[in-house]
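A short write-up of the structure that comes next.
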Amino acid sequence: MKLHVAAITLAIAMTVSSLPGSAIAKTRLIVNCFWPPQHFVCTKVLPGWIEEVERVTEGRVTANIPPKSVSPPPEQLASVEKGLVDAAVQFNGLIGNRVTGALTAMQPFSGTRNSIAMTEAAWETNKKFYPDEFDTVELLAQWVITPGDIYSGTDTPIITLEDFQSRKMWALPGPLANIAKDLGAGVVATPAVRSNEVIANGVVDSHMGLNGDGLKAFQVLPYTKSVTRVSRPVYTTTFSFFVNADKWAEISPEDQEAIRALSQESVGKVAAGLWDSVSEEVQATFDDQGILEHRIDPALEAALVKAAEPITEAWLAKASEAGIDGPAALAHYRKRAAELSE
């Protein structure tokens, strides 16, 4: 009789544990963060998302962040697809061979200086024009970060086209490096994490593309003498946050919906806001550090705009091949980013 009762109890326990949303059935996510462990994405953004997920799922979905990145920055999407980690953030510029729509907000001279506004506009554009582009993972959030400017490492600022052409300049690989080369600057292009070794060692005398967070994180402020502001940001950077498809399928539909509902707010907008806040804090120290601010000569800005045209033309052609209405998507993003920034 005791054996019979024990068997029934075990069967009930096994049945309850298999029910969707039961207190026993849990999903644990490994959430990778490729930034240094002390960066706010690793200490605030992703932990904040995890806390909200655990709250809305009543502990049925939990997560942890490894103490250091499981894979290098270019491999975040691949590492999630392969199941090395369950969730991660990817710089969209490194997966341009995989996605096209996600690069809408990265088209030159398309953004503003309000990251939350750009982030909201980018997410709207995604939902309207290419909602299923990330077809191997579950896309939960995207964001756009504070744009960078043009900086001189010498006492001579970069204001005119002639100033620009006379420089050896560090720039982010891709559109910024191509624009700078097209205008005649000598360009050294490396990932942002390697900018310090190029700038601090005097390989270049100027740099383009870092925002306040980058200036601080990569410790290049001591090698910066002036900043040149462009009326419209030359270039903006975007990121995507996603979860492994098989791991996502383990989560009940109700909990999936709850997680979707909070992710863009708790990851996308929070990340964008923190980037702006840190950049503002860093820029507030410019006077104390002797970094002078200048406005760009209109002729140089016009030259930058002209040099950027082939980049957008190439993206529009690729968007067409992918079945995306590129002109409409880009026009929508630019319009909404400007409206939301007012």
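Throughout, residue positions are numbered sequentially from 1 according to the sequence presented. Side-chain atoms are counted along with the backbone in the values below, which use heavy atoms only and exclude waters and symmetry mates.
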If I take atom [atom1] from residue [X] and atom [atom2] from residue [Y], how far apart are they, to the nearest 0.5 angstrom?
X	Y	atom1	atom2	value
Lys247	Thr27	NZ	OG1	6.5 Å
Thr285	Lys216	OG1	NZ	9.0 Å
Leu84	Ser71	CG	OG	7.0 Å
Asn64	Arg28	CG	CZ	5.5 Å
Gln76	Phe241	CD	CZ	11.5 Å
Ile259	Ser252	CD1	OG	8.0 Å

Hydrophobic cluster membership, with links at side-chain heavy-atom distances under 4.5 Å among I/L/V/M/F/W/Y: are [X] and [Y] in one?
X	Y	answer
Met118	Phe91	no
Leu103	Phe242	no
Met106	Ile324	no
Leu94	Leu77	no
Val144	Tyr235	no

Report the residues that fulfil ring-ring contact (aromatic ring centres under 6.0 Å, His included) with [X], sequence neighbours left out, ordered by chain and then residue number.
X	result
Tyr223	none
Tyr333	none
His39	Trp35, Trp275

* Hey, could you give me each pair passing side-chain hydrogen bond (donor to acceptor under 3.5 Å, both in side chains) that has a residue in residues 91-106? Not counting sequence neighbours. =>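 Every pair satisfying side-chain hydrogen bond (donor to acceptor under 3.5 Å, both in side chains) with a residue in residues 91-106: Glu81-Arg98, Asn92-Thr238, Asn92-Ser240, Thr104-Tyr130.
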* Asked: What side-chain hydrogen bond (donor to acceptor under 3.5 Å, both in side chains) pairs are there with at least one residue in residues 200-212, not counting sequence neighbours?
  ->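 Checked against side-chain hydrogen bond (donor to acceptor under 3.5 Å, both in side chains) - neighbours excluded - the pairs reaching residues 200-212 are His207-Thr224.
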Is it true that [Y] and [X] share a donor-acceptor pair across their side chains at a distance under 3.5 Å?
X	Y	value
Asp163	Thr160	yes
Ser115	Trp143	no
Thr112	Arg232	no
Asp276	Thr146	yes
Arg295	Ser231	no
Asp255	Thr57	no
Glu75	Ser79	no

So which atom in [X] and which in [Y] form the shortest heavy-atom distance, rounded to 0.1 Å?
X	Y	value
Thr190	Ser195	OG1-N, 3.9 Å
Cys42	Pro36	SG-O, 3.5 Å
Pro67	Pro37	O-CG, 3.6 Å
Val80	Asn244	O-ND2, 2.7 Å

Partners of [X] by salt bridge (charged side-chain N to carboxylate O under 4.0 Å, His left out), sequence neighbours excluded?
X	answer
Glu138	Arg260
Glu281	none
Arg229	Asp149, Glu293

* Asked: What do the steps show when you test Lys128 against Glu124 for salt bridge (charged side-chain N to carboxylate O under 4.0 Å, His left out), and what is the final call?
  -> CA-CA 6 Å; Lys128 183 177 177 66; Glu124 284 184 13; over 6 Å; no
Is a side-chain donor or acceptor of [X] paired with a backbone partner of [Y] at a separation under 3.5 angstrom?
X	Y	value
Asn126	Ala122	no
Gln256	Ile251	yes
Gln165	Leu183	yes
Ser320	Leu316	no

* With Lys44, which residues qualify under side chain to side chain contact (heavy atoms under 4.5 Å, CB included), at least two apart? ->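 In terms of side chain to side chain contact (heavy atoms under 4.5 Å, CB included), with neighbours along the sequence ignored, Lys44 is linked to Phe40, Leu274.
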* Asked: Can you list the residues that meet the side chain to side chain contact (heavy atoms under 4.5 Å, CB included) rule with Ser166, with sequence neighbours excluded?
  ->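 Applying side chain to side chain contact (heavy atoms under 4.5 Å, CB included) to Ser166 gives none.
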* Asked: Given Asn32 and Ser69, is the side chain to side chain donor-acceptor pair (under 3.5 Å) satisfied, shown in steps?
  -> CA-CA 6 Å; Asn32 197 54; Ser69 181; 3.1 Å; yes
* Asked: Does any pair with a residue in residues 297-320 pass ring-ring contact (aromatic ring centres under 6.0 Å, His included), and if so which ones, sequence neighbours excluded?
  ->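 The answer is none; no pair qualifies.
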* Please list all pairs passing the ring-ring contact (aromatic ring centres under 6.0 Å, His included) test where one or both residues lie in residues 172-198, with sequence neighbours left out. =>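 For residues 172-198: none.
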* Apply side chain to side chain contact (heavy atoms under 4.5 Å, CB included) to Gln107 and Ile311, showing your working. => CA-CA 8 Å; Gln107 296 313 300; Ile311 294 168; 4.3 Å; yes
* Walk me through it: do Val31 and Trp49 pass the test side chain to side chain contact (heavy atoms under 4.5 Å, CB included)? => CA-CA 10 Å; Val31 182; Trp49 177 79; 4.0 Å; yes
* Under the side chain to side chain contact (heavy atoms under 4.5 Å, CB included) rule, what do Leu29 and Thr62 come out as? Steps first, then yes or no, please. => CA-CA 6 Å; Leu29 305 174; Thr62 61; over 6 Å; no
* To do: Verify the neighbour count for atom CD of Glu51: are there more than 12 heavy atoms of other residues, nucleotides or ligands below 6.0 Å?
  =>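 Counting other residues, nucleotides and ligands, CD of Glu51 stays at 12 neighbours or fewer.
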* Heavy-atom count around Gln219 CD within 6.0 Å, excluding the residue itself: above 12? ->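 Atom CD in Gln219 is not crowded, with 12 or fewer foreign heavy atoms closer than 6.0 Å.
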* Decide yes or no for Asp297 and Leu161: does some side-chain heavy atom of the first lie under 4.5 Å from some side-chain heavy atom of the second? =>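 Sidechains of Leu161 and Asp297: no contact.
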* Give the C-alpha distance, both sets of side-chain angles, the deciding distance and a yes or no for side chain to side chain contact (heavy atoms under 4.5 Å, CB included) between Val282 and Asp213. => CA-CA 7 Å; Val282 171; Asp213 173 64; over 6 Å; no
